[in-house]
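Remarks on the structure that follows.
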Amino acid sequence: MGRDTIADIITSIRNADMAKKGTVRIASTNITENIVKILLREGFIENVRKHRESNKNFLVSTLRHRKTRKGIYRTILKRISRPGLQIYSNYQRIPKILGGMGIVILSTSRGIMTDREARLERIGGKILCYIW
């Protein structure tokens with residue numbers, strides 16, 4: 001069986017966020033690099049750098065912990081499409097998370113992008129995950 005790299009990213013970021021870790025190390029592939037770039041652009045991650053260790057490339061990401069009155073605000077990541085069940089959507093039916101406050105990451109024919117970008121370009125695709 002192959003590895004589910006998207007689930008690995010989501011799980012490692014979620015676990016590091018819950019444990020209040022400052023950084024998280026993710027295996028570097030094209031898909032993971034694109035997803036981490038989106039998270040960086042949307043403000044869920046502060047910094048990303050590449051790290052090479054024993055002929056393997058890793059992405060070391062610095063997580064952003066936001067404080068509220070009640071404590072630290074958690075980043076919620078939810079995996080939607082998985083290897084056993086693929087969820088596809090056209091651009092008109094892409095869900096809005098928290099009324100547009102969260103983002104949906106899609107895999108489209110033009111690459112991995114957010115729900116806002118997909119609506120602007122009028123293309124749909126496979127829904128990878130929700131983040132809010």
Side-chain angles (χ1 to χ4, degrees):
M1 286 186 98
R3 290 181 48 126
D4 189 8
T5 57
I6 299 167
D8 291 342
I9 297 170
I10 291 171
T11 302
S12 60
I13 291 173
R14 186 184 312 125
N15 289 343
D17 189 43
M18 287 173 52
K20 298 178 186 173
K21 299 281 185 185
T23 61
V24 63
R25 195 172 90 166
I26 302 166
S28 177
T29 63
N30 289 336
I31 294 172
T32 58
E33 286 181 16
N34 290 330
I35 291 174
V36 167
K37 283 179 188 175
I38 289 174
L39 293 176
L40 181 66
R41 189 174 61 228
E42 295 291 328
F44 292 101
I45 292 176
E46 285 183 13
N47 190 10
V48 177
R49 63 182 169 87
K50 283 192 174 184
H51 179 69
R52 186 171 177 86
E53 185 176 302
S54 67
N55 294 332
K56 292 183 181 178
N57 292 325
F58 294 99
L59 296 172
V60 179
S61 302
T62 305
L63 298 177
R64 174 168 291 174
H65 296 289
R66 293 172 276 185
K67 291 198 173 198
T68 61
R69 289 184 210 149
K70 296 181 181 178
I72 293 178
Y73 177 73
R74 300 269 179 238
T75 301
I76 311 271
L77 294 109
K78 185 175 180 185
R79 177 72 194 264
I80 303 303
S81 288
R82 49 191 170 87
L85 179 64
Q86 306 291 321
I87 306 294
Y88 293 92
S89 176
N90 62 6
Y91 76 94
Q92 297 159 333
R93 295 186 186 260
I94 297 172
K96 288 189 178 183
I97 305 302
L98 295 177
M101 295 296 291
I103 62 170
V104 178
I105 297 180
L106 294 112
S107 176
T108 66
S109 59
R110 295 184 191 160
I112 295 176
M113 59 180 64
T114 63
D115 55 340
R116 284 178 236 130
E117 295 168 348
R119 282 190 198 98
L120 285 175
E121 294 189 23
R122 296 177 160 253
I123 56 173
K126 181 169 65 170
I127 299 175
L128 299 178
C129 61
Y130 298 156
I131 302 170
W132 67 92

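Basis for what follows: all heavy atoms, side chains included, without hydrogens, waters or symmetry-related copies.
Contact check on E117 versus R110 returns no salt bridge, with no Lys/Arg side-chain nitrogen under 4.0 Å from an Asp/Glu carboxylate oxygen. Ion pairing between D8 and R3 holds under the 4.0 Å rule for side-chain N and carboxylate O.
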Going through the checks in order, is the side chain to side chain contact (heavy atoms under 4.5 Å, CB included) test met by H51 and N57?
CA-CA 6 Å; H51 179 69; N57 292 325; over 6 Å; no
Please test F58 against E53 for side chain to side chain contact (heavy atoms under 4.5 Å, CB included), starting from the C-alpha separation and ending with a verdict.
CA-CA 8 Å; F58 294 99; E53 185 176 302; 4.1 Å; yes
So L63 and K20, side chain to side chain contact (heavy atoms under 4.5 Å, CB included) or not? Walk me through it.
CA-CA 9 Å; L63 298 177; K20 298 178 186 173; over 6 Å; no
Just do the side chain to side chain contact (heavy atoms under 4.5 Å, CB included) check on R119 and I94 with the steps written out, would you?
CA-CA 8 Å; R119 282 190 198 98; I94 297 172; 3.6 Å; yes
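The main-chain N or O of I87 is found under 3.5 Å from a side-chain atom of S81 such that the two form a donor-acceptor pair. S89 places no side-chain N or O within donor-acceptor distance of the main-chain N or O of P95, the cut-off being under 3.5 Å.
Distance CD/E33 to NZ/K50: 4.0 Å, rounded to 0.5 Å. D17 CG to S12 OG: the interatomic distance, rounded to the nearest 0.5 Å, is 11.0 Å. In this structure, CZ in R14 is found 8.5 Å from CD1 in I76, a value given to the nearest 0.5 Å. Distance check, rounded to the nearest 0.5 Å: OG of S107 to CD of Q86 gives 9.5 Å. Interatomic distance, CD1 of I105 versus CD1 of I38, reported as 5.0 Å (0.5 Å rounding). To the nearest 0.5 Å, atoms CD (E121) and OG (S109) are separated by 9.0 Å.
Under the 3.5 Å distance criterion, with hydrogens and angles disregarded, no donor-acceptor pair is assigned to the side chains of T114 and E42. Using a 3.5 Å distance cut-off with no hydrogens or angles, the side chains of Y91 and R122 do pair a donor with an acceptor.
Taking 4.5 Å as the limit, every side-chain heavy atom of K37 sits out of range of all side-chain heavy atoms of I112. The closest side-chain heavy-atom distance from I6 to I35 is below 4.5 Å.
Exactly one residue among L40, V48, V24, T23 makes a side-chain contact (heavy atoms from CB on, under 4.5 Å) with T62. That residue is T23. T75 pairs in a side-chain contact (heavy atoms from CB on, under 4.5 Å) with only one of the listed residues (I45, L39, I131), which is I131.
Hydrophobic clustering, with ILVMFWY side chains joined whenever heavy atoms are under 4.5 angstrom apart, keeps I123 apart from L106. By the criterion of side-chain heavy atoms lying less than 4.5 angstrom apart, applied directly or through intervening Ile, Leu, Val, Met, Phe, Trp or Tyr residues, L85 is not grouped with Y88; the two fall into different hydrophobic clusters. Under the 4.5 Å side-chain heavy-atom criterion for grouping Ile, Leu, Val, Met, Phe, Trp and Tyr, Y130 is not connected to M18 through any hydrophobic cluster. Residue V60 is not grouped with residue V36 when hydrophobic side chains (ILVMFWY) are merged at heavy-atom distances under 4.5 angstrom, including chains of intermediate members. I31 is connected to I13 through a chain of hydrophobic side-chain contacts under 4.5 Å among Ile, Leu, Val, Met, Phe, Trp and Tyr, so both are in one cluster.
Taking all atoms of both residues into account, the shortest heavy-atom contact from T29 to T32 is N-OG1, 2.7 Å.
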